Amino acid sequence: MAATDASIGAVPKAPKPSWVKRNKLSIAPWIFLAPALFFFAVYVVIPIFESVYLSLFEWNGLYRADGTSTATFVGLDNYVRLWDDAQFWTSMRNNVAWLILYMLAVPLGLFIALFLNQEVPGMRLYKSLFFFPFVISQVVVGLIFGWFYNPDFGVVGQLWKFAFCEETVNFIGNKTFECARPAPDILSSAEWATYGIIAAGLWPQIAYCMILYLTGLNNVASDQIEAARLDGAKGWKMLWYVVLPQLRPATFIAVVVTVIGALRSFDMIAIMTQGGPFGSTNVLAYYMYEVAISEFGERYGYGSAVAVVLFAIMLVYISYFLWRMYQDEKGAR
Amino acid sequence: MRSIMTSALALAIAAPAFAADLVINFDDLNPAPKAAFEAAVAQFQAENPDINVIVNINDREAHKTAIRNFLTADAPDVTSWYPGNRMAPFTDAGLFQPVDDVWDDNGLRETFAAIEPTMTRDGTTFGVPYTYYQWGIYYRKDIFDKLGLEEFETWDDMLAGCAAMKKVGVTPFTIGTKFLWTAAGVFDYINLRTNGYDVHNGLTAGEIAYTDPRIVQTMENWAQLIEECGFVDNHASMSWQDALAPFSNGDAGMYVMGNFAVAGMKDTGLTEDQIDYMQFPSINSDVARAEEAPADAFFIPTNAKNPEDAKKFLAFVARADVQSTWNAAMGQLPPNSEATVGDDKFLQEGMATLSTAAGLAQFFDRDAPAEMAQAGMQGFQEFMLDTSKMMDILERLDGVQAEVY
């Protein structure tokens, strides 16, 4: 302010402020944003365009000795092939199954949070135990559940042996089991494997939603609860009309992270079934990896086309999310 | 995991400044193959003091990813890789150098005659194989003896033997198809015995359709094997190592596998007397016996900085004496026909099997292109779980085949 006054006042000695100084306020945010923008561009925005570009080529990922690419332009061929690709539609169907069933994590997380939101000695310990699955890596969860489902040595197999099998001695005198019916092999069944993996994925996801709701519950206004109680509200009505509306921000975030979790489900599938048996547990993210990067993939153009489709699906959702945020900000002003 | 080793530290320090570097990328961290490789490098270094050998040893799976970059970006002078269709993307992109001169100058066309076709693409030969191993049926000798069974000569012998095993509650075959390729081994053998080597090559080269009556016959034989012999339950959730458990417990009697499985069998507590090897029995007696024998080889990248010494190393690797000691140390077979094998009974039988074979196949997933191999192996797994889907699967594979080639 003083500087502007000085220049208007035409005092001869006052130095003309530099351009940087004059625009300090508008430059500062960009300087702070620059590192984030740079990395966001390099790791997110540019790769998106690269994927779209690559999806128009047939390419095995190799460069010739002189550094030129071996890719050939095929136009929209990759997308036409996707349309006729049974594996692609299996992956798509599984993605929908993930999206729908994963949503169970939101109400289940809410109920566990309500259950844990009480004053009992040692409550912190119980809360952390419930939160525990979210802390361990998805890979570890997948591994544990893979063993859990194992029909030979897993919990499922052991229970089955207890219920349906008899210990006998085999031909050469070693202990073995004879079963009235074979143990269920969940991860090798084309019908059940996907649900088996989703159940494993729900375990940490419920914990995540629970913690979101627990923090939300801390902020529920107690005067409103009391007022509602005076008016005779209790049980479900109390929950539905008084508590839940106040938990809306928590619900919103819980739904967001659950949708994202469902769409990017990859680690569990990679660990538990590698998309098998015969591709029946593929989802788009894993299928993309399988056709492009895995040992028998080497079809980078085709994989990029899968990635672009996955991106398009996410875009619908992200647009809605951004629009909601924008509306909220406008409302707040 | 990356370890850099110079054969002798003192030697490296004393090496004259003009010593040429020879960079070798190797892809096996398992103790025996790694030790065998390091011993061979030390011998090469001792024979060629003017060459400074630098070794990078990587994990197998990591190597498969890394090679796609380093061949262009930072090529070593020698790298290990696989022959057959697995080398095709690299040779087609011009990333591997032809080494016809090494083969001609060292007489490899004679000593490596059996394996030359898989090392050759469009008339040019790439790389030198340093090891391979046989496939076949590994069986519980104690179970066979107790049942009075002999090694099977024919398909009917095998079906009869299976019936005898099932009667006493032994599942004839164990297998773990979680990672798919084991099923391809069974398919390859039934196909090689039903139709022979040329049909195997025609199929994996895309010249024969999967719905061809000959391949349908292969699948019907396989269905018969599943029906009358049978594989262990839950095989789709087991790796090949998991599948050793029923074999070692005596619940299953046979395992169609490569020779590397013997070490795993011994680890589960089986002794040499309890296990034995037999060739996969003949199905069609008119078909000449061909075998699966996947090889590992060394190649020279086009961008190698020191191709002269790299060729020296390849010639060294091909030598009969080097191949003998190398493979004795890692418990596999030397592809050089003049090399000798150790007195391990499985190696002896393997050498006898392979040296008399009419043809050597690499393996379904090495002979067929990647996309075809993946779809094919998934189809085989699906077939093993439900044989009634046979025609659907074969028609689907025809569709993939039409796109791939």
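As the structure is a prediction and not an experimental result, all values here were calculated from the model. Just so it is clear: chains get the letters A, B, ... in the order the sequence lines come, proteins before strands, and each one is counted from 1.
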Quiz item: Of the backbone (N, CA, C, O) and the side chain (C-beta and beyond), which part of F380(B) lies under 4.5 Å from a heavy atom of chain A, both, or neither?
Solution: neither
Quiz item: In terms of heavy-atom contacts, does CZ of R264(A) have more than 12 from other residues, nucleotides or ligands at under 6.0 Å?
Solution: no
Exercise. Look at R86(B) together with E295(A) and state whether they make a salt bridge at an N to O cut-off of under 4.0 Å.
Key: yes
Quiz item: Tell me, side chain or backbone of L180(B) under 4.5 Å from chain A's heavy atoms, or both, or neither?
Solution: neither
Quiz item: Among K175(A), R64(A), M272(A), E178(A), which residue forms the greatest number of heavy-atom pairs with chain B at distances under 4.5 Å?
Solution: R64(A)
Self-check item: Residue among Q381(B), K146(B), M377(B), Q378(B) with most heavy-atom pairs under 4.5 Å to chain A
Solution: Q378(B)
Self-check item: Proximal component of V170(B), with respect to chain A [non-hydrogen, under 4.5 Å]
Solution: side chain
Practice problem: Flag yes if more than 12 heavy atoms outside E272(B) fall under 6.0 Å of its CD atom; otherwise flag no. | Solution: yes
Practice problem: With a 4.5 angstrom heavy-atom cut-off, could you sort out which part of I143(B) is near chain A: side chain, backbone, both or neither? | Solution: both
Quiz item: Hey, are R140(B) and D145(B) close enough for a salt bridge, meaning a charged N less than 4.0 Å from a carboxylate O?
Solution: no
Quiz item: In terms of side-chain heavy atoms, does T124(B) have a donor or acceptor partner in D122(B) at a distance below 3.5 Å?
Solution: no
Quiz prompt | Partner chain B: residue of D85(A), L187(A), N60(A), T70(A) with the largest heavy-atom pair count (under 4.5 Å) | solution = N60(A)
Quiz prompt | I172(A), part contacting chain B, at a heavy-atom distance under 4.5 Å | solution = both
Quiz item: What part of D233(B) lies closer than 4.5 angstrom to a heavy atom of chain A: side chain, backbone, both or neither?
Solution: side chain
Exercise. State, with a plain yes or no, whether a side-chain heavy atom of E58(A) is found less than 4.5 Å away from one of D77(A).
Key: no
Self-check item: Contacting moiety of D365(B), where chain A heavy atoms sit under 4.5 Å
Solution: both
Quiz item: Using non-hydrogen atoms only, which part of R299(A) is less than 4.5 Å away from chain B: side chain, backbone, both, or neither?
Solution: side chain
Quiz item: Relative to chain A, which segment of M372(B) carries a heavy atom at a distance below 4.5 Å: side chain, backbone, both, or neither?
Solution: neither
Quiz item: Out of D142(B), D242(B), T302(B), D251(B), which one racks up the most heavy-atom pairs below 4.5 Å with chain A?
Solution: D251(B)
Self-check item: Lys/Arg-Asp/Glu bridge criterion (N-O < 4.0 Å) met for E167(A), K161(A)
Solution: no
Quiz item: Counting distance only, does the side-chain N/O of W98(A) pair as donor-acceptor with the main-chain N or O of T194(A) below 3.5 Å?
Solution: no
Exercise. Take Q87(A) and E290(A) through the side chain to side chain donor-acceptor pair (under 3.5 Å) test and state the conclusion after the steps.
Key: CA-CA 11 Å; Q87(A) 283 283 348; E290(A) 189 185 287; 5.9 Å; no
Self-check item: Region of N170(A) in contact with chain B, defined by heavy-atom distances below 4.5 Å
Solution: side chain
Quiz item: What part of M165(B) lies closer than 4.5 angstrom to a heavy atom of chain A: side chain, backbone, both or neither?
Solution: neither
Self-check item: Step-by-step salt bridge (charged side-chain N to carboxylate O under 4.0 Å, His left out) determination, D74(B) to K305(B)
Solution: CA-CA 10 Å; D74(B) 181 20; K305(B) 290 169 199 78; 3.7 Å; yes
Self-check item: Portion of A86(A) that has a non-hydrogen atom of chain B nearer than 4.5 angstrom
Solution: neither
Quiz item: Looking at P89(B), G379(B), A245(B), A73(B), which has the largest count of heavy-atom pairs under 4.5 Å with chain A?
Solution: P89(B)
Practice problem: Fit a plane to each ring of Y286(A) and Y289(A), take the angle between them on a 0 to 90° scale, and name the class: parallel (under 30°), tilted (30 to 60°) or perpendicular (over 60°). | Solution: tilted
Exercise. With a 4.5 Å cut-off on heavy-atom pairs, point out which of R68(B), Q374(B), K64(B) contacts chain A the most.
Key: R68(B)
